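Quantities reported herein were computed from a predicted structural model and do not represent experimental measurements. Here is the naming used below: chain letters follow the sequence lines, and residue numbers restart at 1 for every chain.
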Amino acid sequence: MKEEEKKALEEFFANDFSPSEQERILLEFPSLPQDAELLHSYLEALRSQPVPELRRDFSERVMASLGRPPLWETLRAGLGSWRRIALVSSLSAAVLALLLVGPRLWTQKDAAILVREEILENQEKRYQVRFAIRMPDARTVEVAGDFNQWNPVALQPSVKKDGTFSLELPLGEGTYSYAFLVDGKKWIPDPAASRKISDGFGNVNSLINL
Amino acid sequence: MASPRYQRQDEDLELIRRCHSGEREAFARLVEAYQNDLFGKIYRWVGQKEVAEEMAQDVFLKAYRDLKSFRGDAKFSTWLFQIALNRCRDFWRVQKRSPDNWVPLEDRHDLAHGEVSADQEIERNQKIQRLRSAMSELPEIYREALGLKFLNDLSCEEIAHVTKQGLSNVKMRLLRGVEKLRKKLS
């Protein structure tokens, strides 16, 4: 057995299989060392991908999604001490504020920019890029950028009628700035894009690097 | 003095008791305690930040709604993870019907930063894509066993507990799963 196969097998078995089990398994699954080694190389690629940071307001969003507490819950939680009453009062005020302001903050839900690589017949690399954004209050959403000479192209509304608009565009390698045009009037950067750039006229565009 | 593990369990039980009494703030403390770990586990399965965040949010929402059914006979983290596993199952069922070669832009390392060579980056992304694609094609029982062990680093015993399967069943699913996965990857 090769050294790499041994290592991969050790990782596979870890502390889960006794020596006698391991012996029996290798008889029943003779290709396991090679299988484990192949899997190991793929898993290393996946594990080397760092886990991104969770958004900072995650817990606030969770609590806001719970909805307003029933009045009896608030009253019951408030009984017993002034401290509890003060806590419940401020919590109710915060929930009320979130209910008033929240829909404006969370009308626009982040969507991932998805990319698919393609190799053309001439071995050139091309990327199908899926632009997507959730704007339930918008009638139309278009995208424009360096890749189409800033001529807005309409995104298609989702068949699920959930306010999501999306479009796939083929792009070559490079860095592009772009933005969304909402209802033909308002330019906004892509909330899913982590990189932004000012256009020098007071507007902020998004950057995508392929 | 109780070990950190039991301290955490005791704290969770106290917070859950307070949730049952109507203290929402107690649930917020539970969310803060487990959000990063849960998000990390889900992200390893789905590979997309926004999707993983949304799924983690769904998990906490479900946990809040079902909190009355939590009896304290298992660790809260295990119970939470079981909800997450069900959510991941739904995700994979949808994935099976979708194009399997899309990768979120954020999964593609920014070459402009020059941390990894272009060839290495392409190879890594291709491997990740192929692995996710191959796993999405596996029957659920094998995909789950492999994902829980190799993406979430659970032991066979923990997998048995979370999936409510027998230990020998879990081991066999791992072995057959590896075989099937290798065939898909080769």
From [X] [atom1] over to [Y] [atom2], what is the distance, rounded to the nearest 0.5 angstrom?
X	Y	atom1	atom2	result
A:Leu39	B:Leu181	CG	CG	5.5 Å
A:Asp35	B:Lys180	CG	NZ	12.0 Å
A:Glu44	B:Arg124	CD	CZ	11.5 Å

Validation row: [X], [Y] side chains within 4.5 angstrom (heavy atoms):
X	Y	result
B:Leu167	A:Asp16	no
A:Leu38	B:Ser186	yes
A:Phe58	B:Val31	yes
A:Met63	B:Glu25	no

[X] versus chain A, the contacting section by heavy-atom distance below 4.5 Å:
X	result
B:Leu185	both
B:Lys183	neither
B:Ala56	both
B:Met135	neither

A:Ser48 portion near chain B, given a 4.5 angstrom heavy-atom threshold:
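For A:Ser48, backbone and side chain are both near chain B.
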Contact class of A:Ser65 relative to chain B, heavy atoms under 4.5 angstrom
both
For the student: nearest non-hydrogen atoms of [X] and [Y], plus distance:
X	Y	result
A:Arg55	B:Lys49	N-NZ, 4.3 Å
B:Val178	A:Ala36	CG1-N, 4.3 Å
A:Glu53	B:Phe39	C-CE2, 4.3 Å
A:Pro50	B:Tyr43	O-CE2, 4.0 Å
B:Arg44	A:Gln49	NH1-O, 3.0 Å

Any donor-acceptor pair under 3.5 Å linking the side chain of A:Arg47 with the backbone of B:Phe150?
yes
Could you tell me whether a side-chain N or O of B:Arg182 sits under 3.5 Å from a main-chain N or O of A:Leu32, the two making a donor and an acceptor?
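Here the side-chain-to-backbone pair does not exist.
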Exactly one of B:Ile128, B:Leu151, B:Leu146 clears side-chain contact (heavy atoms from CB on, under 4.5 Å) with A:Leu43, and that residue is B:Leu151
Please list all pairs meeting salt bridge (charged side-chain N to carboxylate O under 4.0 Å, His left out) that have one or both residues in residues 165-177 of chain B, counting only residues at least two apart or in different chains.
A:Glu21-B:Lys171
Return the set of residues passing ring-ring contact (aromatic ring centres under 6.0 Å, His included) with B:Tyr34 (not counting sequence neighbours), or none when no residue passes.
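Applying ring-ring contact (aromatic ring centres under 6.0 Å, His included) to B:Tyr34 gives B:Phe76.
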Give the interface residues of residues 5-14 of chain A toward chain B, defined by a heavy-atom separation under 4.5 Å.
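Expected list: A:Glu11, A:Phe12, A:Ala14.
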Got more than 12 heavy atoms from elsewhere within 6.0 Å of CG, A:Asp162?
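Yes, CG of A:Asp162 has more than 12 neighbouring heavy atoms, counting only those of other groups under 6.0 Å.
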Applying side chain to side chain donor-acceptor pair (under 3.5 Å) between A:Tyr42 and each of B:Arg130, B:Arg132, B:Lys127, report the one that passes.
B:Arg130
Contacts of residues 78-85 of chain B with chain A (heavy atom under 4.5 Å):
none
